[in-house]
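Comments concern the structure below.
In this chain, numbering begins with 1 at the start of the sequence shown. Just so it is clear, the structure is predicted and the values come from calculations on it, not from any experiment. When a ligand or atom number is given, it counts from 1 through the structure's own listing order.
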Amino acid sequence: MSSLLVPGPTRVVGVLNVTPDSFSDGGHFLAHEVAVAQGTALHAAGAALVDVGGESTRPGAVRVEVAEELRRVLPVVHGLVDAGVPVSVDTMRAEVARAAVTAGAVVVNDVSGGLADPEMASTVAELGCVYVLSHWRGFSDVMTSRAVYDDVVAEVSAELRGRLDAVTAAGIAPERIVLDPGLGFAKVAEHDWALLAGLDQLAALGFPLLVGASRKRFLGALLTGPDGVVPPPAARDTATAAVTALAAARGIWGVRVHDVAPSVAAVRVARAWGAARTPVGAS
Ligand code: PMM
C-alpha cells in the first residue's frame, strides 16, 4: 500500500490552481516560480500533498488544450518535486497524468472518475500511483443541468461503485484508490450537504474518502448575509475549516483546501477531541 494511504489522521491536501479562471484563485499563480513558492508554502503549512491543476472545472468553464494544460502544470510539478513536496496532479487527461507522474507526482486526482478520458484508468494502472476517483456527471458546460437526484447519497454511492468496477477492471489496484463525492460537481447546495451528512454511507464502500468543500458555492450560499451579499470565495475559509473539523471527526482520509493552516488546526482539534472521548457510563 502507498504510504499515503496508511491509516492516520485526516490529510490536508493543498490546492494549487495554475489557471487564469479557477473560481477562487484563478490567475494568482500563473507564473511558475510564484506557483512553486505557493505550493512550497502550502506544504510548509502542513499540506500532506499539493494538488496542482491546470484546467478550471468551475461551472461553465471552457476546456483548455492538452498542450496548454501541460505547459501550465509540468514546470510546477517539476519545481515542487525538486523542492521535496509530495505532488498530486488534478487532471482529467491521461496524457497530463502520465507526464506529471513521470515528473514525480504521486497521485492522479481525476474529478471525472475516469469518464472524461477513456485512457485514464489504464494509464493510471500502468503508472501504479494513487488515484482519486470523484463522482462526476459531465463537463462544466452541462453539470448544472445534471444536478438531479431522488436520493443523492444512494445515487452517488451507486455511481461511484460503477466507476470503481470500471477502473479496477482496467487494472487500477483497489488499495491505491481514494473516493471523492465531488461536491459541487453536478450538485446543488442541498446535495453537497446531504453528501457531507452521508459520509458514513460513502465510507461503507470500503475506500478512503477525500472531500473538497473548500470555498465552494454551497458555503457561499450558507454565509450569504441578510443584505443578500454572497461572500467571495476567499471569505469562506473559516467555514471550510469547520467542514474539515466535522469531516475529520468522521475519520475521513483527506480534505482538499485552499487555505491549509486552519484545516491543519481543525484536524488537530478533531483528533484531540476524539482521543479524549470517554465512553458514556465510563467512570
Ligand atoms: N474540486 C475542484 C477541483 N478539483 N478535486 C477533488 N478531488 N475534489 C474536489 O472537490 C475538487 C477537485 C474545484 O475547483 P478548485 O480547484 O477551485 O477547488
Side-chain angles (χ1 to χ4, degrees), residues 4 10-30 35 38-39 42 47-61 63-64 69 72-73 76 87-93 96-97 100 105 107-116 120 124 129-137 139-140 143-144 147 156 160 163 177-187 189 191-193 195-196 199 202 207-220 232-234 236-237 239-240 243-244 247 252-260 263:
L4 267 176
T10 300
R11 274 80 169 170
V12 177
V13 177
V15 178
L16 184 58
N17 287 320
V18 279
T19 57
D21 57 345
S22 284
F23 77 99
S24 91
D25 54 359
H28 290 190
F29 309 119
L30 269 184
Q38 169 68 7
L42 293 173
L49 268 177
V50 172
D51 189 37
V52 181
E55 178 174 37
S56 172
T57 50
R58 71 171 183 192
R63 296 216 69 191
V64 295
E69 191 181 341
R72 292 177 185 176
V73 161
V76 179
V87 172
S88 141
V89 62
D90 186 348
T91 186
M92 295 185 272
R93 288 188 166 112
V96 177
V107 177
V108 171
N109 171 28
D110 174 9
V111 297
S112 83
L115 285 167
M120 182 62 102
V124 170
C129 58
V130 171
Y131 183 58
V132 178
L133 186 168
S134 283
H135 178 261
W136 190 81
R137 284 186 167 181
F139 290 104
S140 300
M143 68 181 176
T144 308
V156 166
L160 284 173
R163 295 311 303 151
I177 297 175
V178 173
L179 294 181
D180 185 323
L183 301 183
F185 291 88
K187 281 126 201 138
H191 302 138
D192 293 330
W193 288 116
L195 287 163
L196 286 170
L199 283 177
L202 298 174
F207 289 81
L209 293 178
L210 175 66
V211 162
S214 189
R215 299 181 175 176
K216 282 189 176 163
R217 280 168 300 156
F218 75 108
L219 296 179
R236 304 172 195 166
D237 285 332
T240 299
V243 173
T244 295
I252 71 163
W253 176 80
V255 290
R256 180 183 177 280
V257 300
H258 300 81
D259 189 12
V260 165
S263 279

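In this structure, the side chain of T240 engages the main chain of R215 through a donor-acceptor pair within 3.5 Å.
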side-chain contact (heavy atoms from CB on, under 4.5 Å) between V156 and K187: does it pass, once the steps are laid out?
-> CA-CA 10 Å; V156 166; K187 281 126 201 138; 4.1 Å; yes
Stepwise side-chain contact (heavy atoms from CB on, under 4.5 Å) check, H191 with F185 | CA-CA 10 Å; H191 302 138; F185 291 88; over 6 Å; no
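Scanning for side-chain contact (heavy atoms from CB on, under 4.5 Å) contacts around R256 gives V13, V15, N17, D51, D90, N109, L210, with sequence neighbours left out. Evaluation of the side-chain contact (heavy atoms from CB on, under 4.5 Å) rule for R217 yields P59 as partners, not counting sequence neighbours. Annotation: side-chain contact (heavy atoms from CB on, under 4.5 Å) contacts of A239 (sequence neighbours excluded): L219, L223.
Contact shell of ligand 1 (protein heavy atoms, cutoff 4.0 Å): V15, N17, F23, T57, D90, N109, V111, V132, S134, D180, F185, L210, G212, K216, R256, H258.
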